[in-house]
Protein chains: 2
Amino acid sequence: MAKAHPSLDPTELGAYFALIEVSSLLRHSVEQQLREAGDLSYVQFQLLARLGDSPAGSHRMTDLADGVVYSRSGLTYQAQLLEQRGLITRTPSPNDERSTSVSITEAGRDVLTRVFPGHIAVLNELLFESLSPADVSMLGDVLGRVRDHMRSTPPRSAAPRRRKTE
Amino acid sequence: MAKAHPSLDPTELGAYFALIEVSSLLRHSVEQQLREAGDLSYVQFQLLARLGDSPAGSHRMTDLADGVVYSRSGLTYQAQLLEQRGLITRTPSPNDERSTSVSITEAGRDVLTRVFPGHIAVLNELLFESLSPADVSMLGDVLGRVRDHMRSTPPRSAAPRRRKTE
DNA sequence: TATTGTTATACTCTATAACTATA
DNA sequence: TATAGTTATAGAGTATAACAATA
C-alpha cells in the first residue's frame with residue numbers, strides 16, 4: 001500500500017536512483033557483449049540460459065514468458081528468431097496439445113558456451129569488482145527478498161494470465 | 001563444456017539474477033504508471049525530473065545525455081517529443097552557440113506534479129515495502145559504490161569490450 | 001468457456017552515419 | 001580540427017487484439 005502522503009526520504013531516493021542507474025549501465029554493457037559475442041539480444045540470452053539450466057533442456061512457452069517478464073507474443077517473436085537460427089526447437093507438448101515444448105539444441109548450447117566467458121567478464125568488471133563478498137551476499141539477500149515480494153504481488157492492471165507453480 | 005573460464009559462485013549468480021529481475025519488474029511497472037498518469041516514457045520522465053531538480057530548470061543537451069545514458073540522437077528524439085508537447089523549450093546557449101539549453105516549462109512541471117504521487121506509490125509498493133530502513137541504506141550504499149565504479153570506467157563509446165589490458 | 005500459442009499490425013525506441021554550425 | 005546538436009534512416013523490439021486449436 002502507498003503511504004498517506006507520497007514522498008521518499010533521501011536514503012530511499014538514493015537507493016532508487018542507484019538501482020536504476022546501475023541496472024541500466026549493466027544492462028547496456030551486457031547487451032553489447034552478447035550482441036558481439038553471439039549475436040544475441042538479452043532476452044534471447046535469458047531464454048537460452050534458462051533452457052540450458054533446465055535438467056530436461058526444455059520448457060513450455062508460458063513458463064518461459066513468466067520467467068522473463070514478457071508478453072507471449074513477444075516471446076513468440078524471439079523464439080522464432082532462435083528457432084530460425086537452430087538454437088532451439090519447438091514441438092507440441094505430448095501431454096497437452098495446446099502447449100509448446102521449447103528445447104535448446106546443441107547449437108544453442110554452443111552459443112551459450114561461446115558467450116559465457118565474456119558475459120562473466122563484464123559482470124566481474126562492472127559489478128563485482130567494487131564489492132566485497134559480504135556486499136554481494138547482502139545484495140543478493142535484499143534484492144532476493146524484493147523479488148519475492150514483487151512476484152507475489154499481482155500486477156495492478158490488466159494481466160489476465162496466471163502464473164503456475166513450476 | 002569449458003570450465004577453465006572465470007565463473008561466478010552461487011552467491012554472485014544470485015545477486016546478479018536478483019538485480020536483473022528486480023530492475024526489470026520495477027522498470028516495467030514504473031513505465032506503465034508513467035504512461036498512464038502522464039503519457040511519459042521513462043526516459044522522458046528522467047529528463048523532466050532532472051530538469052525539474054536543477055536550480056535553473058535547465059541543462060545542456062550533452063549533460064542530459066550524459067546523465068541518462070543515451071545516444072545524442074536518441075536524446076534529440078525524446079527532446080523533440082517533449083518540446084512538441086510544450087513540456088520543455090530548447091534555445092541556443094548564450095555562451096556557446098553550439099550548445100542547446102533545455103529548460104522545463106510550467107506545463108512540464110505540472111506533468112511532473114501529476115505523475116509523482118503514483119510514481120512514488122509504485123516504488124513504495126514494489127521496492128520499499130519489503131525492506132527495512134537498514135536494507136534501504138545498505139542498498140543505496142552498495143549500489144552507489146557500484147555506480148561510481150561504473151561511471152569511472154570508460155563509457156560505452158566505441159571500443160569493444162576486452163578482457164585484457166590493451 | 002478457458003487456456004496455449006501464433007499472427008497481423010502498428011508503434012516506440014534506439015543507434016549509426018552524414019550533415020550543419022560553431023569553437 | 002574538434003565539439004554540439006540535428007536529421008535521415010533503418011532496424012529491432014514490444015504490445016494489443018484477433019485468431020485457431022485444444023482442454
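In what follows, every chain begins at residue 1, and chains take the letters A, B, ... in the order their sequences are listed.
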Output one line per pair: protein atom, nucleotide atom from nucleotides 11-13 of chain C, and distance, for all N/O pairs under 3.5 Å.
residue : atom : partner : partner atom : Å
C:dC13  : OP1  : B:Arg35 : NH2          : 2.9

Below 3.5 Å between N/O atoms, which protein atoms pair up with nucleotides 16-19 of chain D? Just atom names and distances, please.
residue : atom : partner : partner atom : Å
D:dT16  : O4   : A:Ser73 : OG           : 2.6

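Distance CE (B:Met61) to P (C:dT22): 17 Å, rounded to an integer number of Å. Counting to the nearest Å, the C1' atom of D:dG13 and the CG atom of A:Leu34 are 16 Å from each other. Remark: C1' of D:dA8 and CD of B:Gln80 are 11 Å apart, rounded to the nearest angstrom. In this structure, the CD atom of A:Gln32 is 16 Å from the C1' atom of D:dA12, given to the nearest Å. The interatomic distance linking B:Leu64 (CG) with D:dA4 (C1') rounds to 13 Å, in whole Å.
For residues 40-57 of chain B, there are no salt bridge (Lys or Arg N to Asp or Glu O under 4.0 Å) pairs, not counting sequence neighbours. The side-chain hydrogen bond (donor to acceptor under 3.5 Å, both in side chains) pairs that include a residue from residues 81-94 of chain A are A:Glu83-A:Arg90, where partners are two or more places apart or lie in different chains. Residue pairs satisfying the salt bridge (Lys or Arg N to Asp or Glu O under 4.0 Å) criterion with at least one member in residues 132-143 of chain A, sequence neighbours excluded, are listed as follows: A:Asp135-B:Arg145, A:Asp141-A:Arg145.
Applying the salt bridge (Lys or Arg N to Asp or Glu O under 4.0 Å) rule to A:Glu129 yields no partners; only residues at least two apart in sequence or on another chain are considered. In terms of the salt bridge (Lys or Arg N to Asp or Glu O under 4.0 Å) criterion, B:Arg114 has no residue partners (sequence neighbours excluded). Applying the salt bridge (Lys or Arg N to Asp or Glu O under 4.0 Å) rule to A:Asp110 yields no partners; only residues at least two apart in sequence or on another chain are considered. With sequence neighbours left out, B:Asp96 forms a salt bridge (Lys or Arg N to Asp or Glu O under 4.0 Å) with B:Arg98. For B:Tyr16, the ring pair (Phe, Tyr, Trp, His ring centres under 6.0 Å) partners two or more places apart in sequence, or in a different chain, are A:His119. In terms of the side-chain hydrogen bond (donor to acceptor under 3.5 Å, both in side chains) criterion, B:Gln46 has no residue partners (sequence neighbours excluded).
Contact between the side-chain N/O atoms of B:His28 and the OP1/OP2 oxygens of D:dA15 is found at a separation under 4.0 Å.
Annotation: proximity of residues 84-105 of chain A to DNA chain C (heavy atom, distance under 4.0 Å) is found for A:Arg90, A:Arg98, A:Ser99, A:Thr100, numbered in ascending order.
Ion pairing between a basic and an acidic side chain is recognised when a charged N comes within 4.0 Å of a carboxylate O; A:Arg27 and A:Glu31 show such pairing.
Of the listed residues (A:Leu139, A:Leu131, A:Ile20), just one forms a side chain to side chain contact (heavy atoms under 4.5 Å, CB included) with B:Leu143, and that residue is A:Leu139.
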